[in-house]
Enquirer: 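Input: one structure, supplied below.
In the text below, chain A, chain B and the rest are named by the order of the sequence lines, each starting its count at 1.
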There are 2 protein chains.
Amino acid sequence: MKLDKIDYQIIDMLQQDGRMTIRDMAQQLKLSTTPIFNRIKKLEADGVIEKYIAKINPKKVDKGLFAFVHLSIKEHSKEAVDIIVAQVISFPEVMECHYVTGGADFVLKVLVKNMEEYNQFVTEKLFTVKNISKIDSLLSLSIPKHSNKIPLEY
Amino acid sequence: MKLDKIDYQIIDMLQQDGRMTIRDMAQQLKLSTTPIFNRIKKLEADGVIEKYIAKINPKKVDKGLFAFVHLSIKEHSKEAVDIIVAQVISFPEVMECHYVTGGADFVLKVLVKNMEEYNQFVTEKLFTVKNISKIDSLLSLSIPKHSNKIPLEY
DNA sequence: TGTGAAATGAGGCTCAC
DNA sequence: GTGAGCCTCATTTCACA
């Protein structure tokens, strides 16, 4: 499946506003609604567009603290890793879990209410996971940029 | 502005599917459409719901490599920091920029096509930013969890 | 003030060309 | 790829508790 310039333009418009109408897109791209409609359906069917979501302001729902957590593990066998991963991703506070190369084995992006909740999360949840040798935390003090938009050049 | 249980349920449904119809929500919550409609408008007006977006699969648009980049800086005056931040967040590859406490000064979440592009990004863009003393990279090999959903308990 | 029912109009979606 | 038309659903209005 190859995407052309119009596909990328559609994707970018929908990244910006997931509820933009087909008519508006058609007008901007100087096409009629049908080809836009068909392209969107194809992008959805091909999994390029995964889903449509509402972006919520974390502070407004009392989630004020992002943390990046580095985990190092003792045992690197597939079985051991799978068990750790299954436990870690089951925690709702963990929004992202990346298996990484570099200074650690995993990077977690965690969202909690505040420092107390973060401490609680680490001591009551992360510490219960076996085979973790090291936990380093980077706590977000402010967020100069927080985008969900995938950078596209076309 | 206080949110009650119904508000949280609406938020969660819209985090899951940003295009869920008011009728469906009304049915699930056993209410009529009007109160749901009014609540959503209020959540939007209050900034709880920031926007609606399409979630794009990065691999399908040829963006296969996430990286977490740690920056340490030499000069911590507000002016120096502001200049660095302005440059860093201007790079489209930088999806997130957090000012953090812990093992570094900034954490960046970067998305590029592949290793070559990442090297290019670091050498041609990050290295040109003045006052950076150290750059550490954690490259994402796989992503066991990648959610945009804010964890809500209610 | 918050809820339910009914009317209106915009926009997703289909079809013929 | 275009344009017309159906039909669902968002949106508004109104009566009610």
Side-chain angles (χ1 to χ4, degrees), chain A residues 1-63 147-150 152-154, chain B residues 1-62 147-154:
Chain A
M1 152 217 36
K2 354 179 219 309
L3 307 176
D4 64 11
K5 182 165 178 163
I6 293 178
D7 290 317
Y8 278 116
Q9 286 176 300
I10 291 171
I11 292 170
D12 247 359
M13 287 189 271
L14 286 173
Q15 283 202 107
Q16 188 66 38
D17 176 5
R19 288 186 166 185
M20 178 178 269
T21 67
I22 292 176
R23 284 175 159 83
D24 282 350
M25 290 189 253
Q27 198 169 13
Q28 283 200 33
L29 297 175
K30 309 218 184 294
L31 288 168
S32 65
T33 57
T34 312
I36 308 294
F37 175 80
N38 290 331
R39 281 167 183 270
I40 291 174
K41 288 302 150 195
K42 180 153 176 46
L43 290 170
E44 290 170 356
D46 290 343
V48 179
I49 297 173
E50 283 182 14
K51 61 194 303 199
Y52 299 91
I53 59 175
K55 189 177 174 189
I56 304 301
N57 184 332
K59 287 189 181 165
K60 302 271 182 163
V61 290
D62 213 17
K63 296 288 174 180
S147 168
N148 298 91
K149 276 182 72 172
I150 290 177
L152 299 175
E153 55 279 343
Y154 48 91
Chain B
M1 153 215 35
K2 355 179 218 309
L3 306 176
D4 65 12
K5 183 166 178 163
I6 293 178
D7 291 318
Y8 278 116
Q9 287 177 298
I10 291 172
I11 292 169
D12 247 359
M13 287 190 271
L14 287 173
Q15 284 201 108
Q16 188 67 38
D17 176 5
R19 288 185 164 185
M20 177 178 268
T21 67
I22 291 177
R23 288 188 181 184
D24 282 349
M25 290 189 251
Q27 196 169 15
Q28 283 200 31
L29 297 175
K30 311 224 182 288
L31 289 169
S32 67
T33 58
T34 312
I36 309 294
F37 175 79
N38 288 332
R39 281 167 183 270
I40 291 173
K41 288 303 147 195
K42 180 154 176 44
L43 291 170
E44 289 170 357
D46 290 343
V48 179
I49 297 173
E50 284 181 13
K51 61 194 304 198
Y52 299 91
I53 60 176
K55 188 177 174 187
I56 304 301
N57 184 331
K59 288 189 180 165
K60 302 271 181 162
V61 290
D62 212 17
S147 168
N148 299 90
K149 275 183 73 173
I150 290 177
L152 299 175
E153 57 278 345
Y154 48 89

Enquirer: B/Arg39 CZ to D/dT11 C1': how many Å, rounded?
Expert: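 Atom-to-atom, B/Arg39 to D/dT11, this comes out as 18 Å.
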Enquirer: How many Å lie between NZ on A/Lys30 and P on D/dT2, as a whole number?
Expert: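 Rounding to the nearest Å, NZ of A/Lys30 and P of D/dT2 are 12 Å apart.
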Enquirer: Heavy-atom distance under 4.5 Å between the side chains of B/Leu14 and A/Ile53, does that happen here?
Expert: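 Answer no - side chains too far apart.
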Enquirer: Between the protein and nucleotides 14-17 of chain C, which nitrogen or oxygen pairs are less than 3.5 angstrom apart?
Expert:
none

Enquirer: When the distance from CZ of A/Arg19 to C1' of D/dT11 is rounded to whole Å, what number comes out?
Expert: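 So the two atoms are 13 Å apart, to the nearest Å.
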Enquirer: Which residue pairs pass the salt bridge (Lys or Arg N to Asp or Glu O under 4.0 Å) test with at least one member in residues 18-39 of chain B, sequence neighbours excluded?
Expert: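 Output for this query lists B/Asp4-B/Arg39, B/Asp7-B/Arg39.
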Enquirer: Is the phosphate of D/dT11 approached by B/Lys41 (side-chain N or O, under 4.0 Å from OP1 or OP2)?
Expert: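 Looking at the OP1 and OP2 atoms of D/dT11, one of them is under 4.0 Å from a side-chain N or O of B/Lys41.
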Enquirer: Can you name the side-chain hydrogen bond (donor to acceptor under 3.5 Å, both in side chains) partners of A/Gln15, sequence neighbours left out?
Expert: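 Scan of A/Gln15 (side-chain hydrogen bond (donor to acceptor under 3.5 Å, both in side chains), adjacent residues dropped) gives A/Asp12.
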Enquirer: For A/Gln27, enumerate each residue passing the side-chain hydrogen bond (donor to acceptor under 3.5 Å, both in side chains) test, keeping only those at least two apart in sequence or located in another chain.
Expert: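 A/Gln27 satisfies side-chain hydrogen bond (donor to acceptor under 3.5 Å, both in side chains) with no other residue.
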Enquirer: Kindly compute the distance separating CG (B/Leu29) from CD1 (B/Ile22), expressed to the nearest 0.5 Å.
Expert: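 Result: 12.0 Å between the selected atoms.
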Enquirer: From CD1 of A/Ile36 over to P of C/dG11, roughly how many Å is that when rounded to an integer?
Expert: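 Taking CD1 of A/Ile36 and P of C/dG11, I get 15 Å after rounding.
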Enquirer: Rounded off to whole Å, could you give me the OH-to-P distance for the B/Tyr52 and C/dG11 pair?
Expert: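 Answer to the nearest Å: 16 Å.
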Enquirer: I want to check something: taking the side chain as every heavy atom from C-beta on, are A/Glu44 and A/Ile40 in contact at a cut-off of under 4.5 Å?
Expert: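 Yes. Closest side-chain heavy atoms under 4.5 Å.
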Enquirer: Applying side-chain hydrogen bond (donor to acceptor under 3.5 Å, both in side chains), can you list everything that pairs with B/Lys60, at least two apart in sequence or on another chain?
Expert: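 Partners of B/Lys60 under the side-chain hydrogen bond (donor to acceptor under 3.5 Å, both in side chains) test: none.
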Enquirer: Let's see if you get this right: which residues in residues 20-28 of chain B place a heavy atom under 4.0 Å from DNA chain D?
Expert: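 Result for residues 20-28 of chain B: B/Thr21, B/Ile22, B/Arg23, sorted by number.
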Enquirer: Flag the pair B/Leu3 / B/Ile11 as yes when at least one side-chain heavy-atom distance between them is below 4.5 Å, and no otherwise.
Expert: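 Side-chain contact under 4.5 Å: yes.
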